[in-house]
J.: 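After the structure tokens below, expect a handful of questions from me.
Throughout, protein chains are lettered first and strands after them, A, B, ... in sequence-line order, and every chain is numbered starting at 1.
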2 protein chains.
Amino acid sequence: MYNILFEHLEEKINLSAGDKEIIKSYFISKILKRKKLLLQEGNVCHYMAFVAQGLLKSYNTDEKGNEYVNQFTPEGWWASDMNSFFSMQPANYTIDALEDSVLLLITSQDFENLTLRIPKMDRYFRLLFQNSLITKERRLVNSYMLSAEEKYKQLIESSLNLVNRVPQNLLASYLGLSPATVSRLKKKISLDHK
Amino acid sequence: MYNILFEHLEEKINLSAGDKEIIKSYFISKILKRKKLLLQEGNVCHYMAFVAQGLLKSYNTDEKGNEYVNQFTPEGWWASDMNSFFSMQPANYTIDALEDSVLLLITSQDFENLTLRIPKMDRYFRLLFQNSLITKERRLVNSYMLSAEEKYKQLIESSLNLVNRVPQNLLASYLGLSPATVSRLKKKISLDHK
DNA sequence: ACAAATAGTTGACTTAAATCAATTGAATTT
DNA sequence: AAATTCAATTGATTTAAGTCAACTATTTGT
């Protein structure tokens, strides 16, 4: 179960057998069943979760109860409310499982301890956050520059795997569009291809 | 001129006098006059810039010539096209100076060398990117969840200093709104306060 | 395998914000 | 200080996408 974690770390840094033992000792594993919550908006986010298997989503909810999906996290990626995790403030996001999932959790205290004990982990997370930042920035710019149709097309091109695992209404939410709009776009695009 | 850089680094990590000498040696300083470009969309971004004084903006342009401002970078912050800088691919953004500015530049090769020579710098950038990521995520969610009026109000509350240094049409662009809309919102809000 | 819950489609209608254009006002440049 | 460029305002109009609602199709849990 830790293999997938080490594989991902080793894409960015080299680890000795000893490093791996140490790293292992900072994580605890958890099974999160479909629809169960990892984090509830308003609570402090105590864990950063590496998804070893399954799929999570994080979202927030406005006064009217509308859900805004912020991120999907499949195997090999990390999920948390970073603001809450690093500042201990109440979380803005709720995180739950879209599929039965296996997680490796680390607390914020242990995150700190781990990076101090193994400085390479700072490098790993520097590279991880750097890449996430590039992706988020792209998404933000797209949200301003692209039409609904272009957003939907880009998502299909860049994340076909996700598109097949996630209900269309959640993709709509992720794109900042209404389910009706995405349904119409899907039809339009399939007609355009004929 | 390096003092402001060191102050910022020392908010996140401790530096010895020796560290500072080494760090200094990796940067070159540059004066960038108002309206001059640091980076042109389509070129590779060779530098990451620490703004010691002044104010930069980064933006991209669509086929129709519309500009979409992506970030303002005042003193004490970093500017670059991160994707281009770290991957050597052509940049998506253009970066220019809104005010006469003083920059400290580091090349991507030297960035790599510096983090390898002083691992604490990985920690610094881990923390920097971590915070940027939190901010970008907030902006992304706001772009979906908030109305034009709420976006504008939040910007005023959170960044009054910027609001006073940046022309209103660029703030509009940064918020993903048209200049006309921002002008109307400004009027509406001032009336609401009476 | 069935019932219940959830998701997707489609039409009619609304709406927030964009666009266009004319005018006024402010800042830079020479 | 005048000229020129750039920024802001405001009204009239358009438009992309949202909302609402009724219906159908698909998934999920028991």
J.: Whole angstrom is fine here: how far is it from NZ in Lys151(A) over to C1' in dA16(D)?
T.: 11 Å
J.: Please give, in whole Å, the distance from dA16(C) P to Leu146(B) CG?
T.: 15 Å
J.: Does the side chain of Asn169(A) get closer than 4.0 angstrom to OP1 or OP2 of dT6(C) through an N or O atom?
T.: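 Negative; the distance criterion is not met.
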J.: Less than 4.0 angstrom between a side-chain N/O of Ser183(A) and OP1 or OP2 of dG8(C), yes or no?
T.: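 No, Ser183(A) has no side-chain N/O under 4.0 Å of OP1/OP2 on dG8(C).
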J.: Counting only heavy atoms not in Gln53(B) (residues, nucleotides, ligands), do more than 12 fall under 6.0 Å from its CD?
T.: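 It does not: Gln53(B) CD has 12 such atoms or fewer within range.
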J.: Just to confirm, is there a sub-4.0 Å distance from OP1 or OP2 of dT9(C) to any side-chain nitrogen or oxygen of Lys186(A)?
T.: yes
J.: When only distance counts, do a donor and an acceptor, one from the side chain of Arg184(A) and one from the base of dG8(C), lie under 3.5 Å apart?
T.: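 Checked by distance alone, the answer is no.
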J.: Please give, in whole Å, the distance from dG18(D) C1' to Tyr144(B) OH?
T.: 16 Å
J.: Are OP1 or OP2 of dT9(C) and a side-chain N or O of Lys187(A) less than 4.0 angstrom apart?
T.: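 Checking dT9(C) against Lys187(A), no side-chain N or O comes under 4.0 Å of OP1 or OP2.
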J.: Over how many whole Å does the gap from Lys188(A) atom NZ to dT9(C) atom P extend?
T.: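 Value for this atom pair: 16 Å.
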J.: Would you say Tyr68(B) and Asp62(B) are linked by a side-chain donor-acceptor pair, where the criterion is simply a distance under 3.5 Å?
T.: yes
J.: Which sits closer to the 5' end of DNA chain D, Arg34(A) or Pro179(B), going by the nucleotide each is nearest to?
T.: Pro179(B)
J.: Under 3.5 Å, is there any donor-acceptor pair linking the side chain of Arg165(A) to the base of dT27(D)?
T.: no
J.: So does Asn14(A) have more than 12 non-hydrogen atoms from other groups sitting under 6.0 Å from CG?
T.: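 12 or below, so no.
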J.: Map Pro167(B) and Leu177(A) onto DNA chain D by nearest heavy atom, then report which one ends up closer to the 5' terminus.
T.: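 Nearer the 5' end of the strand: Pro167(B).
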J.: For Glu149(B) and Val182(A), find the nucleotide of DNA chain C closest to each by heavy atoms; which residue's nucleotide sits nearer the 5' end?
T.: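 With Glu149(B) and Val182(A) compared, the 5'-side residue is Val182(A).
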J.: Tell me: CG of Leu170(A) to C1' of dA7(C), nearest whole Å?
T.: 10 Å
J.: Taking CD from Gln168(B) and C1' from dT9(D), how many angstroms apart are they, rounded to a whole number?
T.: 9 Å
J.: Within the pair Thr181(B) and dA17(C), is there a side-chain N or O less than 4.0 Å away from OP1 or OP2?
T.: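 So the side-chain polar atoms of Thr181(B) never come under 4.0 Å of the phosphate oxygens OP1 or OP2 of dA17(C).
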J.: So which atom in Tyr47(B) and which in Thr107(B) form the shortest heavy-atom distance, rounded to 0.1 Å?
T.: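 So the two residues come closest at CE2-CG2, 3.6 Å.
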J.: To the nearest Å, how far apart are Leu175(B) CG and dA16(C) P?
T.: 18 Å
J.: If you measure from CD1 on Ile134(A) to CE on Met82(B), what distance do you get to the nearest 0.5 Å?
T.: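 That separation rounds to 5.0 Å.
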J.: Atom NZ of Lys57(B) to atom P of dC6(D): distance rounded to whole Å?
T.: 12 Å
